[in-house]
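Fair warning: this is a prediction, and the values are worked out from it, not measured in the lab. No hydrogens, no waters, no symmetry mates; every other heavy atom, side chains included, goes into these values.
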Protein chains: 2
Amino acid sequence: MDPMPAVEEAPRAPGRPRSLRVDEAIISATLDLLAEGTSVEVLSIESIASRAGVGKATIYRRWPGKDALLHDALATLKSPGPELAGESVRDDLIALLGQVGPSTQDPRLPQILPCLLPHMSRSKEHYRAYQDIIEPRRNRVREVLRRGVANGELRADLDVELTMTVLIGPILVQRVLRWHPDLDADKMPAQVVDLLMAGMGPAQS
Amino acid sequence: MDPMPAVEEAPRAPGRPRSLRVDEAIISATLDLLAEGTSVEVLSIESIASRAGVGKATIYRRWPGKDALLHDALATLKSPGPELAGESVRDDLIALLGQVGPSTQDPRLPQILPCLLPHMSRSKEHYRAYQDIIEPRRNRVREVLRRGVANGELRADLDVELTMTVLIGPILVQRVLRWHPDLDADKMPAQVVDLLMAGMGPAQS
DNA sequence: TCATTACGAAACGGCACAGGTTCGTATCGC
DNA sequence: GCGATACGAACCTGTGCCGTTTCGTAATGA
């Protein structure tokens, strides 16, 4: 079960040390395959080894099985807070929503996460790991919205939880599913935020 | 390639006729498996036969392979227009968005479609079939929005295509991915529509 | 009744690929 | 050098599906 304490006490090194290159190659290959659309079910140690240019034994020497490897690979993506916030709620939201797409960090993340969800829903264990990745990102948006409500930039009776989903949902759907052929996912953060700020009702201001 | 003209000329019936029950069982088993999360890649004739309580030969007698069967199974879901429209844009939108979820028709549809998309994106052939199912539904929403713009219920400069995605995206994400644990997907249509009508900016009316 | 076709079940050979292990070689500290 | 460990490649064994065929039985029309 235990993944890989990496550097534990590290006093002894009796034989040939493990290659860090190999570690990275395995993790990276795993994420690559997921990002390319390989479902968790289909994902195999063999395909990972092949993609990483590594023997299967090398993987089994580090992880007991696919689940453990997957867990560690996902943990890699747990970036804390990717973007800094500015001063206006609108700009902050746009910045945060932009990261739903081609994030500043790992560009594979947005491809991977949604495809993972069906699988995660079945395992309490995996769902935890998944939540650990998702929740911090949601919190960023939540905080910005609350700030807006507090300082009057947003309406006082705003349903924050609902609004979060209305902000993120469309962009997620577009990025991952290419839901609508005519929309440019890169422009959507600004468009969605502006649409929600103004509302779709007839102009009042 | 040709799936099953069902009733073609139908003058001859030399032997025992094919059971309609069996047709339904096969199609239904296919959709069930998909709805349960079986990806298209993993889906096998063998599993379908087993689920349907049918011999594999019976399936191969009707369809040349998995693709053809899948195509026909999806065609089953092509319901034309499930709901009737009322008089207010708000109510019509809520009605249409409600069908994104537990549709009046086949409850498996919302589970199936999104999981299919990755696979569909790879095959021009399948993508067509997929579009045939999706597009009519999108059109319903599009028409309601245009009507609203025309009669002044919605702002004149509304980006209809964007708005469609902002309406559908959150509900889709919630229903399929259970994106947000605290939201009730059944109530979301009304909530989303109202939020978008009012906007999240400070109250102006 | 009899020919004809459909049915479920089972079995077929073939194939692909999975999970794991073995083996000769490469790389480390000493 | 030496023991110890990591490495990639090749290998072994099992599983599962495919597509097809065979079987005994059931349902139809003539």
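- Nucleic acid contact for Ala57(A): base, since at least one base atom lies under 4.0 Å from a heavy atom of the residue.
- Of the candidate nucleotides dG8(D), dC18(D), dA18(C), dA18(C) has the atom lying nearest to any side-chain atom of Glu46(A).
- A donor and an acceptor atom, one from each side chain of Glu161(A) and His180(B), are located under 3.5 Å apart.
- Distance from the side chain of Ser19(B) is smallest for dC7(C) among the nucleotides dC7(D), dG19(C), dC7(C).
- Put simply, CG on Leu69(B) is 12 Å from P on dG19(D), counting in whole angstrom units.
- Phosphate proximity of dG8(D) to Thr58(A): present, with a side-chain N or O under 4.0 Å from OP1 or OP2.
- Counting any heavy atom pair closer than 4.0 Å across all strands shown, Ser47(B) reaches no nucleic acid atom.
- No hydrogens or angles were tested; on distance alone, a donor-acceptor pair under 3.5 Å links the side chain of Arg16(B) to the base of dA26(D).
- Atom CH2 of Trp63(A) and atom P of dG19(C) are 15 Å apart (whole Å).
- Of the candidate nucleotides dG19(D), dA4(D), dC7(D), dG19(D) has the atom nearest to the side chain of Tyr60(B).
- If you take CD1 of Ile26(B) and P of dA6(C), they are 13 Å apart, rounded to a whole angstrom.
- Between Ser44(A) and dC17(C), a side-chain N or O to OP1/OP2 separation shorter than 4.0 Å is absent.
- Using a cut-off of 4.0 Å between Lys/Arg side-chain N and Asp/Glu carboxylate O, Arg18(B) and Asp23(B) are scored as not salt-bridged.
- At a cut-off of 3.5 angstrom, the base of dG19(C) holds at least one donor-acceptor pair with the side chain of Lys56(A).
- In this structure, Arg62(B) reaches the dC7(C) phosphate: one of its side-chain N or O atoms is under 4.0 Å from OP1 or OP2.
- As rounded to whole Å, 12 Å separates atom P of dA18(C) from atom CD of Glu41(B).
- Within 4.0 Å (heavy atoms only), Gly53(B) reaches sugar-phosphate atoms of the nucleic acid but no base atom.
- Listed pair Arg21(B) / dA6(C) fails the phosphate criterion, with no side-chain N or O lying under 4.0 Å from OP1 or OP2.
- Ion pairing of Glu143(A) with Arg138(A) is absent here, as no side-chain N (NZ or NE/NH1/NH2) approaches a carboxylate O to less than 4.0 Å.
- Rounded to whole angstrom, the span from the CZ atom of Arg61(A) across to the P atom of dT27(C) amounts to 15 Å.
- The side chain of Arg18(A) approaches dA6(D) more closely than any other nucleotide in the set dC7(C), dA6(D), dT28(D).
- In this structure, Ile59(A) places its CD1 atom 14 Å from P of dT21(C), rounding to the nearest Å.
- Taking for each of Lys66(B) and Gly15(B) the nucleotide of DNA chain D with the nearest heavy atom, the 5'-most of the two is the partner of Lys66(B).
- Classification of Arg140(B) and Asp92(B) as a salt-bridged pair fails, no side-chain N sitting under 4.0 Å from a carboxylate O.
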Would you check, one step at a time, whether the test side-chain hydrogen bond (donor to acceptor under 3.5 Å, both in side chains) holds for Ser47(B) with Ser50(B)? CA-CA 5 Å; Ser47(B) 65; Ser50(B) 168; over 6 Å; no

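- If you measure from atom CG of Leu33(A) to atom P of dC17(C), you get 14 Å, rounded to the nearest angstrom.
- Comment: Glu24(A) does not engage Arg21(A) in a salt bridge, judged by the lack of any side-chain N to carboxylate O separation of less than 4.0 angstrom.
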